[in-house]
Amino acid sequence: MALISTDHNNCRKCYACVRACPVKTIAIKRGLPEIIEAGCLGCGQCVLACSIGAKIVHDDSPVIQKWLSEGMKVVALVAPSYPASFHLNSGQFVAALRHLGFSGVHEVAYGAGICAGEYSKYFSGQHAKTILSTACPAVVQLVEKHFSNLIQYLAPIDSPMIIQAKIIKAVQPDAKVVFIGPCFSKNYESKDLNTGGYVDAVINFRQLGHWFDSTEIAWQELAEQSWDNPQPDLARTFPISGGLLKTSGILEDVTSMEIVVVEGARRCIEVLKAIDSGDFTPKFVDMLVCEGCVMGPGMVSDKPYMVRAHQVAKTVQQSNHSVCHQEMRQVLQELDFTRTFQAKPVLKKTYTDEQVWQTLRETGKHNIRDLINCSACGYDTCWEKAVACLQGMAEKEMCLPFLLRQVPALTSSLMDMSSKLMLSMESINFSTLTLKGTTSKINSRNQHLEALMKETNTIAKDTLELANKVLLMVSQYQFPITDKQVPQLPLAPSDIEEIRNIAAQSKLQSEKATKAFEDIASVLTRLREDSVMILEQEKAIKVVTSSLEQIVATYDQLLNIGAAMASIGRNYV
């Protein structure tokens, strides 16, 4: 699982995470952020910037709880910044962790003291090149991934967490080691090939706080317990600005700027760029991506830096330990606290100025004056954002001014579409009523036609019978034609009368048939006219339906653009 992921169902597309990411390793795909872990520092700035909690941090708590439920030995290593997160004294905090099931509880501050000693020895070696501190795993990630040509400057010394974990593994090789602190990047360090195998799981103070909340602990009944490590003393100041220098005895020199403390990801990047270019050549740089570990993303506190630092400083002289330093001397002599690093450069394709300008023109930027660099998209400059678009990390719709310039045209289009929608609705209503009326007429005419057809059939049948009768009668008075004259037989009066009746009836039937055929022709004509009307109505309805589909599509587009603009506007800085 990725260290940090995004819950896309809750994401508001505000780009706050993009703005906060110091190395811009968050890509926007179809409006949604996706962390590219190959470039991630694990600094957690995106998590802190997400006000609705759409960023999810990997949590090892379930696997740790599983180990504890199975009766395994699990040792907790606690970062020295814990006093700024939990309102418990050290004895209560140790007791609370033991209540959760940890078999041992150690201060990473003890490992920090050893780490400071290693820095003191390394610095005294009078290296010709700059030394960059490596106690902060996010700094290591920053150099390995984004300034890999500066790896040679990284101090080859284990972090306090790894030093403390090596000590535990040397004494209890079968124990599971869990780091608890304010840092997300410790997850990367625990799995790094150059430092892995010593820390088995990592959780932050926020996750520990959730664990405490889900466990019924009678805090007032907890008896204070001791740490399972020797007294750390001054090393407890490691999470405070300049803590490493203070503990190691290396004095910061603000006059020559040869020994400096640099805090904050953006400031670290500035210094690394200056070192890379040769503009800045210090002897030693104590680098922290956070403004001191007390400001780490996993802290449980809303207090300002000075309050948190003071809460940590108050613990420096506290003594609550079950082990003395002499007992650890033999173990320490057998351990090696040096490490190596590996370049993991994030390769990014470069583009010509013309390619970048072509991308800028797509959002209405045609010259230098158009590059307003408002940072609403999350990038510091329009140029940087255009390059990100070319690299597939950003989308042109992220530009707030570009969207705002479209508002007048979109508003006009919306009003035009609204008018068309009203007309189309009226047309549909009229067409529907007309179609209903036409259908009713057709049904009536079909019934009339059916009756006429029945009447015509009857007339035809009667006419046929009369015709047959006349033919029969006439045939009685027909003679074959010969050379001799045959006298014509006179018709009987009754026959003459019968023929007259038949003729009269035939005339009447003919008149009826003619009238029926005229009616049928009239009905068929009206039906044809109605059919033409129906075809016209169908065409009209098809036109209206097509228009409606187009209007709905336009509405969807406008709504999407409006939502994007509203979202960016809420987070405009």
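On a predicted model such as this, the values are computed, not experimentally measured, just so you know.
- For the pair Cys46 and Ile26, the tightest heavy-atom approach, listed with the atom from each and the gap, is CB-CD1, 3.9 Å.
- Residues Ile269 and Phe147 have side chains in contact (heavy-atom distance under 4.5 Å, counting atoms from C-beta outward).
- Expressed to the nearest 0.5 Å, how far SG of Cys377 lies from CD of Glu395 amounts to 12.0 Å.
- Of the possible polar contacts, none joining the Ser190 side chain to the Val199 backbone as a donor-acceptor pair under 3.5 Å is found.
- Using a distance-only test at 3.5 Å, with no hydrogens or angles considered, no donor-acceptor pair links the side chain of Asn320 to the main chain of Trp227.
- Minimum interatomic distance between Tyr15 and Gly31 (heavy atoms only, all atoms of both residues): CE2-O, 4.3 Å.
- Using a 4.5 Å cut-off on side-chain heavy atoms (C-beta onward), Asp228 and Phe102 make no contact.
- No donor-acceptor distance shorter than 3.5 angstrom exists from the side chain of Thr338 to the backbone of Pro156, with no hydrogens or angles considered.
- In Arg267, the CZ atom is not crowded: 12 or fewer heavy atoms of neighbouring residues, nucleotides or ligands sit closer than 6.0 Å.
- Cation-pi geometry between Lys344 and Tyr188 is not met at under 6.0 angstrom from the ring centre and within 45 degrees of the axis.
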From CA spacing to verdict: side-chain contact (heavy atoms from CB on, under 4.5 Å), Phe284, Leu245: CA-CA 10 Å; Phe284 187 93; Leu245 296 180; 3.4 Å; yes

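- Remark: Glu334 pairs with no residue by the salt bridge (Lys or Arg N to Asp or Glu O under 4.0 Å) rule, at least two apart or across chains.
- Considering only heavy atoms from C-beta on, Ile203 comes within 4.5 Å of Asp59 through its side chain.
- At distances below 3.5 Å, not a single donor-acceptor pair connects side-chain atoms of Glu34 with backbone N or O atoms of Ala27.
- Within a 6.0 Å sphere centred on NE2 of His310, heavy atoms belonging to other residues, nucleotides or ligands number 12 at most.
- Among residues two or more places apart in sequence or in another chain, the salt bridge (Lys or Arg N to Asp or Glu O under 4.0 Å) test is passed with Arg236 by Glu107.
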I would like to know whether Gln207 and Ile64 meet side-chain contact (heavy atoms from CB on, under 4.5 Å); could you show each step before the answer? CA-CA 12 Å; Gln207 292 164 347; Ile64 298 169; over 6 Å; no

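- Among residues at least two apart or in separate chains, there is no salt bridge (Lys or Arg N to Asp or Glu O under 4.0 Å) pair with a member in residues 314-330.
- With a 6.0 Å radius and a threshold of 12 heavy atoms from other residues, nucleotides or ligands, Lys303 has its NZ atom at or below the threshold.
- Annotation for Tyr198: atom OH does not count as buried by contact number, only 12 or fewer foreign heavy atoms lying within 6.0 Å.
- In the model, Gln141 has no side-chain atom that pairs as donor or acceptor with a side-chain atom of Ser185 under 3.5 Å.
- Two residues are said to be in side-chain contact when any heavy atoms from C-beta on lie closer than 4.5 Å; Pro232 and Pro80 fail this criterion.
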Evaluate side chain to side chain donor-acceptor pair (under 3.5 Å) for Tyr119 paired with Thr134, printing each intermediate quantity in order. CA-CA 10 Å; Tyr119 273 95; Thr134 56; 3.0 Å; yes

Please report the C-alpha distance between Asn187 and Phe179 in whole Å, then the side-chain angles of each, then the deciding distance to 0.1 Å, and finally whether the side-chain contact (heavy atoms from CB on, under 4.5 Å) criterion is met. CA-CA 9 Å; Asn187 287 268; Phe179 174 79; over 6 Å; no

Given Glu384 and Lys24, is the side-chain contact (heavy atoms from CB on, under 4.5 Å) satisfied, shown in steps? CA-CA 10 Å; Glu384 186 182 356; Lys24 296 298 179 280; 3.7 Å; yes

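- With His106 as reference, Leu77 is the one residue of Ile167, Val78, Leu77, Val323 to meet the side chain to side chain contact (heavy atoms under 4.5 Å, CB included) rule.
- The structure places CE of Met72 at 4.5 Å from NZ of Lys176, a figure rounded to the nearest 0.5 Å.
- Between the side chain of Asp60 and the backbone N or O of Val202 there is at least one donor-acceptor pair closer than 3.5 Å.
- In this structure, Ser124 contributes its side chain and Ser120 its backbone to a donor-acceptor pair below 3.5 Å.
- With sequence neighbours excluded, no residue forms a salt bridge (Lys or Arg N to Asp or Glu O under 4.0 Å) with Lys129.
- Within the 4.5 Å cutoff, no side-chain heavy atoms of Met287 are placed close to those of Cys136.
- Between Glu118 atom CD and Asp158 atom CG the span is 8.5 Å, to the nearest 0.5 Å.
- Distance alone, capped at 3.5 Å, places no donor-acceptor pair between the Lys396 side chain and the Thr359 backbone.
- Scored by the side-chain hydrogen bond (donor to acceptor under 3.5 Å, both in side chains) test, Tyr110 finds His325 as partners (sequence neighbours excluded).
- Looking only at distances, no side-chain donor or acceptor of Lys166 sits under 3.5 Å from a matching main-chain atom of Leu332.
- How far OG of Ser375 is from CD1 of Ile372: 9.5 Å, rounded to the nearest 0.5 Å.
- Residue pairs meeting the salt bridge (Lys or Arg N to Asp or Glu O under 4.0 Å) criterion with at least one member in residues 62-90, sequence neighbours excluded: Lys66-Glu70.
- Using modelled atom types, no side-chain atom of Thr237 and backbone atom of Ile240 make a donor-acceptor pair closer than 3.5 Å.
- Taking every heavy atom of both residues into account, Val300 and Ser85 meet most closely at N-OG, 2.8 Å.
- Taking both residues in full, the closest heavy atoms of Cys43 and Pro297 are given as O-CG, 3.2 Å, listed atom of the first, atom of the second, then distance.
- A 4.5 Å side-chain heavy-atom check between Glu144 and Asp192 finds at least one atom pair inside the cut-off.
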Take Asn89 and Glu224 through the test side chain to side chain donor-acceptor pair (under 3.5 Å) and record every step on the way to the result. CA-CA 9 Å; Asn89 62 43; Glu224 295 186 20; 2.9 Å; yes

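- Under the 4.5 Å side-chain criterion, counting only non-hydrogen atoms from C-beta, Val140 is in contact with Arg339.
- Thr315 and Gln318 share no donor-acceptor pair across their side chains, judged by distance under 3.5 Å alone.
- Ion pairing between Lys273 and Glu270 fails under the 4.0 Å rule for side-chain N and carboxylate O.
- No hydrogens or angles considered: a donor-acceptor pair under 3.5 Å links the side chains of Lys55 and Thr6.
- Of all heavy-atom pairs between Pro282 and Ile275, the closest is CD-CG1, 4.2 Å.
- One finds the OG atom of Ser148 at 10.5 Å from the CG atom of Leu154 (value rounded to the nearest 0.5 Å).
- Residues Lys283 and Ile131 form no side-chain contact, since every pair of their non-hydrogen atoms from C-beta on lies 4.5 Å or further apart.
- Ring-plane geometry between Phe86 and Phe205 is classed as perpendicular, the angle between the planes exceeding 60 degrees on a 0 to 90 degree scale with a lower cut at 30.
- Here the straight-line distance linking atom CG of Leu371 with atom NZ of Lys385 works out to 11.5 Å at 0.5 Å rounding.
- Using modelled atom types and a 3.5 Å distance limit, the side chains of Gln231 and Asp233 yield a donor-acceptor pair.
- Between Lys246 and Asp286, none of the side-chain N atoms (NZ, or NE/NH1/NH2) sits under 4.0 Å from a carboxylate O, so this pair counts as no salt bridge.
- Tyr122 places no side-chain N or O within donor-acceptor distance of the main-chain N or O of Ile157, the cut-off being under 3.5 Å.
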